[in-house]
Amino acid sequence: MLPDRYVSISRLRDSAQARADATSRRAVAREIGIAHRGLELFLEGSRPQPKTLEKLLVWYYEHIERIEGPPITASDALLVLVRALPPERRPAASGGVIASLREHHAAAGIELPPDILAAAGTPAGTPAGK
């Protein structure tokens, strides 16, 4: 089963290469749970097979994101989403995106993640529907 968030292939490749540079390709292949040759092919640019991609994503979340944090902050993501709007319209649009996320999280019975709360200027622990 794939993790609930997606990380780009290029981000996975960059992370695997950085880890291999710091240790070794064989060590990274063992860490990921794939063949050494499979890692080499991936680092050389081949697109991973679905099972390999699943292993890469699990490895990324367990070994990389825990240390480095998410690939993009919620604040940066909001900036990307509203970048085409005139500057004076961006705060209202960002607020609308956050409101929609609050609604969807509340409907699912879960709280907004802390980084989204921070982007919204809401203290952590505030219920998602509030």
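For this chain, numbers begin at 1 and follow the sequence in order.
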V58/E62 under side chain to side chain contact (heavy atoms under 4.5 Å, CB included): CA gap, chis, key distance, verdict:
CA-CA 6 Å; V58 169; E62 291 177 355; 3.4 Å; yes
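- In this structure a side-chain-to-backbone donor-acceptor pair under 3.5 Å is missing from K55 to I32.
- Looking at residues two or more places apart in sequence or on another chain, you find no side chain to side chain donor-acceptor pair (under 3.5 Å) involving S100.
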Which pairs of donor and acceptor atoms, one on a side chain in residues 85-92, lie under 3.5 Å apart (sequence neighbours left out)?
| from | atom 1 | to | atom 2 | distance (Å) |
| --- | --- | --- | --- | --- |
| R90 | NE | L85 | O | 2.9 |
| R90 | NH2 | R83 | O | 3.0 |
| R90 | NH2 | L85 | O | 3.0 |

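- Judged as a side chain to side chain donor-acceptor pair (under 3.5 Å), and not counting sequence neighbours, D14 has no contacts.
- Judged by the 6.0 Å and 45° rule, R13 forms a cation-pi pair with F42.
- Checked against side chain to side chain contact (heavy atoms under 4.5 Å, CB included), S94 has the following partners two or more places apart in sequence or in another chain: L78, V82.
- When hydrophobic clusters are built by joining Ile, Leu, Val, Met, Phe, Trp and Tyr residues whose side-chain heavy atoms come closer than 4.5 Å, directly or via intermediates, Y60 is not grouped with L41.
- For residues 27-39, the pairs satisfying side-chain hydrogen bond (donor to acceptor under 3.5 Å, both in side chains) are R19-E31, E31-W59, H36-E40, R37-E40, with sequence neighbours left out.
- The hydrophobic cluster containing L39 also contains I9, counting ILVMFWY residues as joined when their side-chain heavy atoms lie under 4.5 angstrom apart, directly or transitively.
- Using a distance-only test at 3.5 Å, with no hydrogens or angles considered, no donor-acceptor pair links the side chain of T52 to the main chain of P48.
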Evaluate the side chain to side chain contact (heavy atoms under 4.5 Å, CB included) criterion for residues H105 and R102: first the C-alpha distance (whole Å), next the side-chain angles of each, then the deciding distance (0.1 Å), finally the verdict.
CA-CA 5 Å; H105 280 74; R102 283 183 187 279; 6.0 Å; no
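- Of the residues I98, L101, L112, the one that meets the side chain to side chain contact (heavy atoms under 4.5 Å, CB included) test with L117 is L112.
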